[in-house]
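Structure first, commentary second.
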Protein chains: 2
Amino acid sequence: MENRIERIKKQLHSSSYKLTPQREATVRVLLEHEEDHLSAEDVYLLVKEKSPEIGLATVYRTLELLTELKIVDKINFGDGVSRYDLRKEGAAHFHHHLVCIDCGSVAEIEEDLLEDVEAIVESGWNFKIKDHRLTFHGICEKCQQEDRADENE
Amino acid sequence: MENRIERIKKQLHSSSYKLTPQREATVRVLLEHEEDHLSAEDVYLLVKEKSPEIGLATVYRTLELLTELKIVDKINFGDGVSRYDLRKEGAAHFHHHLVCIDCGSVAEIEEDLLEDVEAIVESGWNFKIKDHRLTFHGICEKCQQEDRADENE
DNA sequence: CTCTGTGCAAACGGTTTGCAGCTCA
DNA sequence: TGAGCTGCAAACCGTTTGCACAGAG
């Protein structure tokens with residue numbers, strides 16, 4: 001935890017930004033909720049619990065800054081809200097998501113899985129890939145079980 | 001063209017919707033710009049050229065209706081605007097996109113490419129896939145050539 | 001006549017921006 | 001002192017909604 005903060009601090013400094021208390025509070029919330037896919041508003045409310053004086057605009061500006069430095073990834077599942085996802089340490093590729101269309105839960109896939117596909121696309125379409133977004137929409141394990149339970153009623 | 005309109009008309013009817021002049025004008029714009037990834041506003045302006053009385057709300061409502069009936073797909077490249085993409089005749093899967101981070105152009109990939117990946121995800125994560133979104137961000141062929149030309153200056 | 005669909009304008013909600021004040025070198 | 005950063009409120013902008021009216025069956 002502390003050493004990840006330290007590393008982020010260095011990343012900011014190397015681009016001549018400061019790790020202000022507000023920025024640190026925001027980063028801490030992101031670290032503590034690494035599995036969730038928080039919206040800016042979510043982050044704001046969580047930061048506010050510990051630092052009540054913070055403003056929503058500051059959170060937005062911090063998230064934008066972190067996105068720019070590729071410390072977080074800004075994602076959009078099509079529900080009209082941007083969500084922010086901390087990049088995994090040393091992850092070469094952006095991870096994938098499984099969005100459940102029943103309960104709305106979002107799971108992550110760390111495995112790359114796209115290596116073959118990317119090779120095909122790069123050679124077949126002459127496209128130099130820099131990043132990707134892959135999201136599957138479907139039914140999560142829990143909802144599948146509940147659906148089956150419903151059927152047996 | 002005409003028979004695709006006819007087919008869409010039938011799809012609407014089978015869900016007890018009418019193909020009104022406004023809806024037809026909107027669909028025609030989508031058919032005429034199948035390669036572009038138009039925003040609602042884009043569609044509105046194009047429809048307005050031929051049917052100036054149409055309102056923006058009607059275009060939104062039509063696009064929503066077409067999305068519901070899976071005649072178009074609503075996509076989001078993260079620039080804060082929804083774009084609408086006509087489904088290819090009989091396409092089982094939603095196609096993929098190549099977004100150029102230099103010039104902003106968007107190309108489409110019709111090939112599935114994800115069959116293997118989906119099989120892995122379904123069995124490995126117990127997730128029943130219903131749909132997917134795959135977008136690659138990178139440099140298109142044209143911009144790669146221009147970059148190379150720049151280097152040789 | 002009824003029900004669906006439409007145009008307009010207002011409302012909405014997430015995000016951005018202008019600005020005055022603050023912090024810390 | 002000055003550059004960067006913050007909080008607040010207002011502005012923004014894509015999208016949705018309420019409502020009165022039009023049009024087809």
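We name chains A, B, ... by the order of the sequence lines, and we start the count at 1 in each one.
Distance, A:Asp79 CG to C:dG13 P: 14 Å, rounded to whole Å. C:dG14 atom C1' lies 17 Å from atom CZ of A:Phe77, rounded to whole Å.
Within the nucleic acid shown, A:Glu53 comes within 4.0 Å of sugar-phosphate atoms alone, with no base atom in reach, counting heavy atoms only. B:Leu56 comes within contact range of at least one nucleobase, with a heavy-atom separation under 4.0 Å.
For the pair B:Asp73 and B:Arg133, the minimum side-chain heavy-atom distance is below 4.5 Å. For the pair B:Gln22 and B:Thr62, the minimum side-chain heavy-atom distance is 4.5 Å or more.
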Quick one: which protein N/O atoms are closer than 3.5 Å to N/O atoms of nucleotides 3-5 of chain C? Pair and distance per line, please.
{"residue": "C:dG5", "atom": "OP1", "partner": "B:Lys18", "partner atom": "N", "Å": "3.4"}
{"residue": "C:dG5", "atom": "OP1", "partner": "B:Arg23", "partner atom": "NH1", "Å": "3.0"}
{"residue": "C:dG5", "atom": "O5'", "partner": "B:Arg23", "partner atom": "NH2", "Å": "3.4"}

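Toward the 5′ end of DNA chain D lies the nearest nucleotide of A:Pro52, the other residue of the pair B:Ser39 and A:Pro52 mapping further downstream. Map A:Tyr60 and B:Pro21 each onto its nearest nucleotide of DNA chain C; the residue landing nearer the 5' end is B:Pro21.
Residues A:His95 and A:Asp85 have side chains that bring a donor and an acceptor to within less than 3.5 angstrom of each other.
Reading DNA chain D from its 5' end, the first and the last nucleotide to sit under 4.0 Å from a heavy atom of chain B are D:dG14 to D:dG18.
Hydrophobic clustering of Ile, Leu, Val, Met, Phe, Trp and Tyr side chains at less than 4.5 Å, counting indirect connections, keeps A:Val106 apart from A:Ile109. By the rule that hydrophobic residues join a cluster once side-chain heavy atoms approach within less than 4.5 Å of another member, A:Tyr17 and A:Leu63 end up as members of one cluster. Residues B:Leu45 and B:Leu31 fall within the same hydrophobic cluster, defined by Ile, Leu, Val, Met, Phe, Trp and Tyr side chains chained together at heavy-atom separations under 4.5 Å.
Nearest nucleotide to the side chain of A:Val81, out of C:dC19, C:dG14, C:dC8: C:dG14.
The backbone N or O of A:Asn126 lies less than 3.5 Å from a partner atom in the side chain of B:Gln144, making a donor-acceptor pair.
Here A:Glu118 pairs with A:His132 under the side chain to side chain donor-acceptor pair (under 3.5 Å) rule; sequence neighbours left out.
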